[in-house]
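Predicted model only: the values in this text are computed from it and were never measured. Residue numbers start from 1 in every chain, and the chains themselves are labelled A, B, ... in the order their sequence lines are given, proteins ahead of strands.
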2 protein chains.
Amino acid sequence: MKEQTRQLGRPPAGRPSPTLEDLATAAGVSRSTASRAINGGLKVSPQAQAAVDAAIVALGYTPNRAARSLVTKRTASIALVIPEPDARVMMDPFFAAVITGVNEALRGTDMQLVLLMSRAGDDSARTMRYLRGGHVDGAIVVSHHRADDWAETLARTGLPTVLIGRPWDTGLGVPFVDLDNFEGGRLAARHLASIGRSNLGTVAGPADMTAAADRLEGWKQGLREAGLRPGPVSHGDFTTAGGADAARNLLAEVPELDGVFAASDLMALGVIETLRSLGREVPRDVAVVGFDNHGLTAGNGLDLTTVTQPMVDMAVTAGRLLVRRIEDPETSTEPVIYPAELVVRASTAGLPPKRREGSS
Amino acid sequence: MKEQTRQLGRPPAGRPSPTLEDLATAAGVSRSTASRAINGGLKVSPQAQAAVDAAIVALGYTPNRAARSLVTKRTASIALVIPEPDARVMMDPFFAAVITGVNEALRGTDMQLVLLMSRAGDDSARTMRYLRGGHVDGAIVVSHHRADDWAETLARTGLPTVLIGRPWDTGLGVPFVDLDNFEGGRLAARHLASIGRSNLGTVAGPADMTAAADRLEGWKQGLREAGLRPGPVSHGDFTTAGGADAARNLLAEVPELDGVFAASDLMALGVIETLRSLGREVPRDVAVVGFDNHGLTAGNGLDLTTVTQPMVDMAVTAGRLLVRRIEDPETSTEPVIYPAELVVRASTAGLPPKRREGSS
DNA sequence: GATCGATCTGGGAGCGCTCTCATGTACCGA
DNA sequence: TCGGTACATGAGAGCGCTCCCAGATCGATC
């Protein structure tokens with residue numbers, strides 16, 4: 001109770017850093033000129049510029065961001081919103097890639113990355129308040145369960161926003177960066193069909209995520225095109241354990257399974273684990289295709305055929321797009337869709353299948 | 001060139017958010033009273049408090065951080081400095097855990113996490129300038145290469161700092177959180193000895209990192225205590241590929257190798273990969289102990305014996321410690337060392353070794 | 001030689017907040 | 001009734017910066 005009024009804490013100890021006033025005095029110019037010199041030097045004489053530059057070095061001057069942003073209304077920072085429980089962030093290289101990519105996009109800018117990990121419920125309200133509070137100039141939001149309404153809410157606040165991954169509602173004018181997940185699923189189906197597999201099943205992602213839904217739709221389409229029957233679908237949660245469980249479901253439904261498409265590499269890992277533990281060999285008995293192409297399967301003694309998802313590149317693009325939209329809100333809101341590509345490796349090595357069936 | 005003077009960008013569009021003045025007017029009190037009500041309500045009458053609270057909700061008021069921090073000299077944000085090339089961050093769950101943990105520690109605070117990933121050279125100067133510029137209230141620095149002098153430099157600036165991982169120079173008065181790496185290495189050695197292995201080698205981490213050095217020293221000490229000869233040491237870079245290469249070196253030096261301690265789980269994975277590709281079975285021919293205990297080895301069909309490193313907990317502790325030090329710079333700078341524990345799993349299953357040798 | 005840009009400069013206001021200080025109000029005991 | 005002591009309040013200054021605007025300087029032009 002007694003500390004209540006001190007909740008903002010005491011100011012830091014050390015000696016105060018030089019102000020613009022100090023800088024101007026040291027350079028022998030006015031505060032205004034010093035300010036101009038710092039911010040790009042338009043209408044500043046070469047001598048004044050040089051004097052200011054020298055003084056900056058001499059004093060070790062750094063502009064006070066708070067003061068600057070108080071008047072410019074800009075904070076020189078953007079938020080990366082990761083609306084997932086933390087445990088998931090830990091294990092999924094996807095988020096690491098996103099962080100890396102966004103950071104990379106900010107290189108050369110003076111922008112900083114503020115990380116907002118927001119869990120369920122109340123926490124997300126807090127996050128939302130922070131975003132609306134003008135504490136950042138823009139936001140990149142990752143992921144999109146059907147339930148969360150980030151896209152919609154942010155669209156209304158007018159805060160420049162870029163999504164990574166297609167939102168359920170694309171009519172909000174919020175640009176997004178995504179992979180062609182549909183095509184990825186389709187490629188997986190066609191590939192498995194092309195190596196002669198016909199009893200195919202898929203471990204899809206959570207049904208409330210667009211990426212998962214798109215991959216599944218593409219998969220079905222691919223099967224249709226190859227003249228194969230739809231086959232069983234089991235949903236996992238993108239984790240290894242989830243994949244392992246889902247694989248058991250598939251086998252229960254179709255014991256003669258000879259090909260599986262898992263909507264993430266992690267789930268593919270789980271699938272392989274289950275298959276092996278049940279005595280099926282990969283790829284001889286069952287061929288497996290994953291999704292993501294992060295190198296995690298290296299230690300597995302089996303290279304995984306997978307659909308590439310250039311996560312870092314996508315995040316870089318999202319970051320750059322956001323910066324552009326902050327500078328110029330009129331920038332196009334066209335989504336950026338990366339093409340999906342299949343990387344064929346050992347887990348679908350072209351061994352002849354046990355028996356052939358109608359490739360139509 | 002023409003845009004030079006506009007580098008700060010234009011102010012955001014939308015309607016301006018309510019100010020404290022607006023809030024005070026709406027609540028029928030003065031700005032001062034409104035401010036007090038917001039900051040803990042000491043010396044504010046219940047009526048005034050209630051009026052302000054209501055107005056906050058009604059207006060959707062959020063304090064302007066810039067204005068606040070301009071006067072308080074506090075920014076309500078801390079930096080997490082990760083001085084590693086980004087590629088490494090991507091693959092190593094260690095950093096994901098750190099981010100998660102620090103974030104967790106900030107929960108309940110109004111502090112935000114600013115992520116500073118700084119690469120070699122010039123970039124680290126920029127980062128340093130940012131940290132000294134008073135843009136954050138404190139910093140958590142992950143790292144520990146001998147070359148970087150973060151600890152020293154930051155200690156001099158007076159910015160509250162907490163390190164994750166012991167720095168080479170512990171005499172700077174900068175607190176750190178670390179695992180008892182020495183004991184971890186020692187436990188690995190004693191365990192391998194205890195299951196009867198005697199031709200032991202280790203894949204150590206980079207020689208310029210304290211964690212790697214400590215684990216190696218502990219390992220040597222453990223071997224001495226078990227009456228075993230030192231055995232070969234090969235250095236890896238904490239990655240799977242590095243572990244795989246290092247394992248080849250060990251085998252070249254000691255073909256009869258029957259136990260390996262790898263200083264990270266990722267390297268242990270590489271070691272196992274190499275061993276298997278050369279026809280050695282794990283654990284029958286060679287027992288393998290890892291370090292970190294992150295669940296990545298699950299998909300491997302082999303559970304890894306490893307030394308636990310509660311990374312998330314450690315990061316939480318570091319975060320809390322930093323917050324405490326920001327609030328009260330007099331807080332103890334005692335390091336926090338987590339005990340190392342060995343988790344025995346299948347990769348060192350107690351099969352009888354091929355032949356016994358002096359367990360002294 | 002006077003006029004007109006074009007270029008550069010400094011004064012000053014004000015961003016939204018916190019915090020000091022002086023003042024106002026209520027209630028105690030004398 | 002009066003001084004004293006709490007507590008509650010509002011006025012005002014000022015944090016460090018940007019940016020508007022008015023003034024100064026300098027050629028070039030009429």
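A:Arg68 has its CZ atom 19 Å from the P atom of D:dC15, to the nearest Å. With rounding to whole Å, A:Leu23 atom CG is found 12 Å from D:dC17 atom C1'. Look at CZ on A:Arg65: it is 20 Å from P on C:dC17, rounded to the nearest Å. Rounded to whole Å, atom P of D:dG12 lies 16 Å from atom CG of B:Leu20. B:Asn39 places its CG atom 16 Å from the C1' atom of D:dT9, with the value rounded to the nearest Å. The nearest whole Å value for the distance from the CZ atom in B:Arg74 to the C1' atom in D:dG16 is 18 Å. Rounded to whole angstrom, the span from the CD atom of B:Glu21 across to the P atom of C:dT18 amounts to 13 Å. Separating the CG atom of B:Asp22 from the P atom of C:dG16 is a distance of 8 Å, rounded to the nearest angstrom.
A donor-acceptor contact under 3.5 Å links the side chain of A:Ser32 to the base of D:dC19.
Not counting sequence neighbours, the partners of A:Arg156 by the salt bridge (Lys or Arg N to Asp or Glu O under 4.0 Å) test are A:Glu152. Judged as a side-chain contact (heavy atoms from CB on, under 4.5 Å), and not counting sequence neighbours, the contacts of B:Asp313 are B:Pro310, B:Tyr338. Shown here are the salt bridge (Lys or Arg N to Asp or Glu O under 4.0 Å) partners of A:Arg31, two or more places apart in sequence or in another chain: A:Glu21. Legend: residues meeting ring-ring contact (aromatic ring centres under 6.0 Å, His included) with A:Tyr61, ordered by chain and number and at least two apart, are absent.
We find that B:Arg107 and B:Glu104 are joined by a salt bridge, their nearest charged nitrogen and carboxylate oxygen being less than 4.0 Å apart.
For C:dT18, one of the phosphate oxygens OP1 or OP2 lies less than 4.0 angstrom from a side-chain nitrogen or oxygen of B:Ser35. Between A:Asn64 and D:dC15 there is no side-chain N or O to OP1 or OP2 distance below 4.0 Å. Listed pair A:Lys73 / D:dT18 fails the phosphate criterion, with no side-chain N or O lying under 4.0 Å from OP1 or OP2. Contact between the side-chain N/O atoms of A:Tyr61 and the OP1/OP2 oxygens of D:dG16 is not found at any separation under 4.0 Å.
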Original post:
side-chain hydrogen bond (donor to acceptor under 3.5 Å, both in side chains) between B:Thr72 and B:Ser69: does it pass, once the steps are laid out?
Top reply: CA-CA 5 Å; B:Thr72 59; B:Ser69 93; 5.5 Å; no
Original post:
Are B:Leu116 and B:Leu131 close enough, and set up right, to give a side chain to side chain contact (heavy atoms under 4.5 Å, CB included), and what steps lead you there?
Top reply: CA-CA 10 Å; B:Leu116 259 36; B:Leu131 291 175; 3.8 Å; yes
**OP:** Kindly indicate, with the supporting measurements, whether the criterion side chain to side chain contact (heavy atoms under 4.5 Å, CB included) is fulfilled by B:Leu106 and B:Val323.
**Re:** CA-CA 8 Å; B:Leu106 261 34; B:Val323 170; 4.0 Å; yes
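B:Ile82 places none of its side-chain heavy atoms less than 4.5 Å from the side chain of B:Val141.
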Polar atom pairs (N or O), protein with nucleotides 5-9 of chain C, under 3.5 Å:
unit_1: C:dT9; atom_1: OP1; unit_2: A:Ser45; atom_2: OG; d: 2.7
unit_1: C:dT9; atom_1: OP2; unit_2: A:Ser45; atom_2: N; d: 3.1

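In this structure, B:Arg31 reaches the bases: a heavy-atom distance under 4.0 Å links it to at least one base atom across the strands shown.
Computed from C1' positions of five pairs at each end, the angle between the two local axes of the helix from C:dG1-D:dC30 to C:dA30-D:dT1 equals 50°, rounded to 10 degrees.
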